[in-house]
Amino acid sequence: MNNALITDEQRVVLLANGRESLVNPDFDPAPVVKLFTPDAGATWLLTEIDPDDHDHAFGLCDLGLGIPELGWVSLQELEAVRGRLGLPVERDLHFRAEKRLSAYAQDARPAGRIAV
């Protein structure tokens, strides 16, 4: 994974969250990283990486279509995503989670988008 998208420190937390979610079905961590397309309106709030497949991350995914949903995303595919102007996915350097993932999802569904 490109370190511009996920730092080594974030990767450690994402993997730890992935291990915890395997043993605790009620685990509801705060997002660790926010990724977005600066020119396409897509946003991802990621909480964990699958410890058995480091290419798969889980979180709240908003492709800018008005239907944000919880799910898995390929980190390799995110690296290849380009918006309308050809800009790649970026990491929000200023993002600090203020609530758990379930709260972001609950707020995003009626709004039709992730609001942070």
Checklist entry - So how far is it from D107 CG to S102 OG, rounded to the nearest 0.5 Å? => result 9.5 Å
Item to check | Cluster link V33 to V81, ILVMFWY, side chain under 4.5 Å | outcome: yes
Item to check | P31 to A97 - nearest heavy-atom pair and separation | outcome: O-CB, 3.4 Å
Checklist entry - Which one of L15, I49, V32 satisfies the side chain to side chain contact (heavy atoms under 4.5 Å, CB included) criterion with Q10? => result V32
Item to check | Verify same cluster id: F36, V116 (apolar side-chain graph, 4.5 Å) | outcome: no
Checklist entry - Is L70 reachable from L35 through a run of hydrophobic residues whose side-chain heavy atoms are each under 4.5 Å from the next? => result no
Checklist entry - Roughly how far apart are E9 CD and R11 CZ, rounded to 0.5 Å? => result 11.5 Å
Next on the checklist: A side-chain contact here means heavy atoms from C-beta on lying under 4.5 Å apart; do V73 and L46 qualify?
Outcome noted: yes
Item to check | Minimal non-hydrogen separation, G83 against A40, with atom names | outcome: CA-CB, 3.8 Å
Item to check | Spacing of CZ belonging to R113 relative to CG belonging to D62, to within rounding of 0.5 Å | outcome: 8.5 Å
Checklist entry - Out of curiosity, does L45 fall in the hydrophobic cluster containing L65 (side-chain heavy atoms, cut-off under 4.5 Å, transitive links)? => result no
Item to check | side chain to side chain contact (heavy atoms under 4.5 Å, CB included) partner of Y104, the single match among K99, K34, R109 | outcome: K99
Checklist entry - Rounded to the nearest 0.5 Å, how far apart are CG of D26 and CD of E20? => result 10.5 Å
Next on the checklist: Given 3.5 Å as the limit, does a donor-acceptor pair link the side chain of D50 with the main chain of H56, or not?
Outcome noted: no
Next on the checklist: Tell me the closest heavy-atom pair linking G86 and D39, and the distance in Å.
Outcome noted: N-OD2, 3.3 Å
Next on the checklist: More than 12 heavy atoms of other residues, nucleotides or ligands under 6.0 Å from CD of E90: yes or no?
Outcome noted: yes
Next on the checklist: I'd like to check H54 versus L75 (side-chain heavy atoms, cut-off strictly below 4.5 Å). Are they in contact?
Outcome noted: no
Next on the checklist: Quick check on the hydrophobic clustering: are L63 and I114 connected, directly or via other members, by side-chain heavy-atom contacts under 4.5 Å?
Outcome noted: no
Item to check | Beyond-backbone contact of T37 with W44, side-chain heavy atoms, under 4.5 angstrom | outcome: yes
Item to check | Spatial distance of atom CD1 (I6) from atom CG (L14) [nearest 0.5 Å] | outcome: 5.5 Å
Checklist entry - Atom CZ of F58 and atom CG of N17: how far apart are they, to the nearest 0.5 Å? => result 11.5 Å
Checklist entry - Can you tell if the side chain of E48 reaches within under 4.5 Å of the side chain of W72, non-hydrogen atoms only? => result yes
Checklist outcome for this item: Of all heavy-atom pairs linking A108 and P68, the shortest is O-CG, 3.5 Å
Checklist entry - With no hydrogens and no angle check, is any side-chain donor or acceptor of T47 less than 3.5 Å from a backbone partner on P29? => result no
